[in-house]
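Computed from heavy atoms alone, side chains included, the values below leave out hydrogens, waters and symmetry copies. Residue indices begin at 1 and follow the sequence shown. Predicted, not measured: the structure shown is a model, and the values here were computed from it.
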Amino acid sequence: MSGDRPRSSGDSSGASSGGRSGSDDRRDDRRDERGRERGAARAAGRVQRSAQAPSQRSRHGDAARSAAYDVLRAVDEGDSYANLVLPPLLRERRIEGRDAAFATELAYGTLRLRGRYDAIVEQAAARELASIDPPVLDLLRLGAHQLLGMRVPAHAAVSETVGLARARAGAGASQFVNAVLRRVAERDLGTWLTTIGDAADPGDSDPVARLAVTQSHPAWVVRALRESLVGHGRGADEVAALLAADNEAPRVTLVARPGLVEGADLLAEAGDEATAGAVAPDAVVLRGGDPGRLPAVRSGAAAVQDEGSQLVTLALAAAPLDGPDERWLDLCAGPGGKAGLLAALAGRQGARLVANEVQPHRARLVEQALRAAPDGAVEQVRTGDGRTLGDEEPGAYDRVLVDAPCTGLGALRRRPESRWRRTPADLATLGVLQRELLGSALRAVRPGGVVAYVTCSPHLAETRLVVTDAVKAAGRAGLAVEVLDARAVVRGVAAGPLDLPERPDVQLWPHVHGTDAMHLTLLRRL
Ligand SMILES: C[S@@+](CC[C@H](N)C(=O)[O-])C[C@H]1O[C@@H](n2cnc3c(N)ncnc32)[C@H](O)[C@@H]1O
C-alpha cells in the first residue's frame, strides 16, 4: 500500500487533498458559498461522486455527522470537553432521538478510539498524520469509526463523510477523504488491528506498544493501568480486557437516593427497558434516553451516578463506628453526586452533612444536588480550601469523605478525550494535593471516626502511595490511624457478590464490575 497514496483527482501534488495547505481549497472559485464544487467542475469530471446522490442522503444523518464533526473540532481547537459541548449543540440544532444517539456514539466513540483510527488512517493514506490538515484528519477519524466501530453500511459511511468533507473542508479534501476511506473499507477491523499492531510492534516483543495502538490508549496509560492491576491484586494479563472496557460507551446509571425514592419505584418510572443495577443496591441502569425526562431525577430524589461511586459512598456510611455518629463531612464535594447520596443516608441515619468545595461555581452545583435532601440532613454547603479545614475544625466530624481530585484514569470510558490530554506530569501536581487533602481529613475526623479516601483513578501513585504517605505523615504529627477492611464493608452494602482480591482496600474495575475504576480506602483515627 505504501507508495500508492490516495490523491485528489484534481491535484497532482496531493497536498491540497488534505495536506496542511488544503485550506486553500476553501477559496477555490469553482465552489459555491457552501464550499461545494460548482457545476463546471463537476461537468469536467474533476469530481469523484459519492455513492449516494445528495438528494438521497438522509438530512438527519447529515445533521448528526455535522454535529459530531463540530464536537471533534471544538475538542481539538478549543480544548473543550466533548460531554459539555455535545448536549447543548444537539439541543440548539434540535437533533433528537436516534439521530442524537448516532451523533453521540459517533463523536464519543471516535474520540475514544482516536489512537486506533490514526494508526489506520496513517496506513491507508500512506502518509504521516502530521501532514494531514487537522479538520481533514477529524473527518477521516469519523469515517473510520462509522466503518469499523459502528454498524453503518460502508457505502453510507463513505459517501456521507465525503459529503460532509465537501461541505466543510472543500472539494480537494473530500476527494482525499473518499480515497482514504475506501482504503479503510477494504479491510475489516480484525485485519486492521493486526496490521497496525504489527507496525507498532514489528518484533512481536512490545505488548505495551501493540496494546496502546490497537486499544487506543497512550502507552504510559497502558503501563500505568497494568501496574495498577498488579498492585491491586489482579493479573497483568487483564489489561487488554480493561482497555477494551474503557472503549465501550457506558450505560447511564441512576441512583435512587434512599428515603427520597425507592429503587423499585425508580425502576418502574424508568420504563420497561431499565434494569436494576448489579453492583449497587439502589442503582437503575437505563438503556437509553434522556434521564432528565424522569420526575425523580428532575426533583433530585434520583440522580445520574456510576454504580462504583454509589458503592464507595454507601461504604463510608456503613463503616463500623463507635460513639456518636452525627456530623459528616464531604471535603471535596463538587459537583455533588456523592454529597447528594451522603445527605440522603445522613437523613436516614440521623446525621447532618457539611459539604465543602473550593470552587464557588461548583459549590453552587452542590447546593443544586442537595435540593431534595431530607430536612435537617444538610448543615452547610461551604466554599473553602479543604486543605486547611482540618486545622480550622480539628476532630469535628464522625465520618469524612475525601473524593480527591485525580487524573480520572478510572473513568476513561466516560470522558472520551481525557486519555489524550492527561500526562504523567499531572500525577505529580495532583499527588501533592491528594496528600494534603487526606492529611486534612485525618485532622478533621474525631478519634474513632472514619475517613474514606476515594479516587476515580486506580493509579498506584494516586491510591496506595497517597494513603501510605498520608498515614505516615499523620503518625509523625501524632495522629494514629488504622486501615479498615473496606472489602468487608463494601461486600456488606453491595447488591450481589463482588470479585475482590484479598486486600483491605477496594479497587473496582470496568472490565470486572462494570463500574468506573473507583478506589476506596477506609481509615479510622485511633
Ligand atoms: C473528584 S471531584 C469530587 C466529585 C464529587 N465528590 C462528586 O461525587 O460529585 C474533586 C473536587 O475537588 C475539588 N477540589 C480541588 N481542590 C480542592 C481543595 N483544595 N479543597 C476542596 N475541594 C477541592 C474540585 O474542584 C472538584 O470539585
Side-chain angles (χ1 to χ4, degrees), residues 1 4-26 28 30-31 34-37 41-42 45-54 56-58 61-73 76 103 106-107 109-111 113-114 116-150 152-187 192:
M1 191 178 291
D4 181 17
R5 297 176 173 189
R7 276 209 290 247
S8 149
S9 57
D11 173 27
S12 58
S13 75
S16 68
S17 59
R20 289 205 172 268
S21 61
S23 57
D24 290 343
D25 280 354
R26 275 164 243 155
D28 188 330
R30 287 176 319 204
R31 265 180 276 110
R34 296 187 63 190
R36 291 190 174 129
E37 290 244 4
R42 288 177 182 276
R46 289 195 296 266
V47 179
Q48 226 174 315
R49 285 178 190 280
S50 63
Q52 263 179 310
Q56 289 177 304
R57 281 192 209 114
S58 139
D62 283 352
R65 286 178 177 86
S66 245
Y69 173 72
D70 288 332
V71 171
L72 262 57
R73 296 310 305 137
D76 182 46
L106 185 52
T110 302
L111 285 167
L113 291 169
R114 196 186 89 182
R116 176 188 288 176
Y117 296 143
D118 283 359
I120 292 173
V121 163
E122 200 160 38
Q123 296 274 330
R127 60 163 66 179
E128 287 188 5
L129 285 189
S131 73
I132 301 176
D133 244 358
V136 176
L137 183 55
D138 273 342
L139 289 158
L140 291 168
R141 291 166 172 158
L142 286 172
H145 187 53
Q146 292 168 69
L147 286 167
L148 302 173
M150 295 172 77
V152 178
H155 66 88
V158 175
S159 70
E160 296 281 344
T161 310
V162 167
L164 181 63
R166 191 180 302 119
R168 297 307 209 58
S174 76
Q175 288 164 358
F176 176 68
V177 167
N178 185 39
V180 175
L181 290 183
R182 283 175 189 278
R183 286 269 171 86
V184 173
E186 282 168 6
R187 301 180 185 182
W192 273 120

Original post:
So, the side chain of Ser66 versus the backbone of Ala63: is there a donor-acceptor pair under 3.5 Å, distance only?
Top reply: no

Subject >> side-chain hydrogen bond (donor to acceptor under 3.5 Å, both in side chains) partners for Thr161, two or more places apart >> reply: Gln146

Original post:
What heavy-atom pair brings Ala144 and Leu181 nearest, and what distance separates the two atoms?
Top reply: N-CD2, 3.8 Å

Subject >> Leu137: which of Val177, Leu72, Val121 passes side chain to side chain contact (heavy atoms under 4.5 Å, CB included) >> reply: Val121

**OP:** Might you point out which heavy atoms bring Leu129 and Glu122 nearest each other, and give the distance in Å?
**Re:** N-OE2, 3.3 Å

Original post:
By side-chain hydrogen bond (donor to acceptor under 3.5 Å, both in side chains), which residues pair with Asp70, not counting sequence neighbours?
Top reply: Arg93, Arg168

Original post:
With Tyr117, which residues qualify under side-chain hydrogen bond (donor to acceptor under 3.5 Å, both in side chains), at least two apart?
Top reply: His145

Original post:
Do you know which two heavy atoms are closest between Arg114 and Arg141, and how far apart they sit?
Top reply: CG-NE, 3.4 Å

**OP:** Please name the pair of heavy atoms, one in Ala124 and one in Val184, separated by the smallest distance, quoted to 0.1 Å.
**Re:** CB-CG2, 3.8 Å

Original post:
Do you know the tightest heavy-atom contact between Ala169 and Leu139?
Top reply: CB-CD1, 4.0 Å

**OP:** Report the distance from atom CZ of Arg182 to atom NE2 of His155, rounding to the nearest 0.5 Å.
**Re:** 11.5 Å

Original post:
Under the side-chain contact (heavy atoms from CB on, under 4.5 Å) criterion, do Leu142 and Arg65 qualify, and how do the steps go?
Top reply: CA-CA 8 Å; Leu142 286 172; Arg65 286 178 177 86; 5.9 Å; no

Original post:
For the residue pair Leu148 and Trp192, what are the closest heavy atoms and their distance?
Top reply: CD1-CD1, 3.9 Å

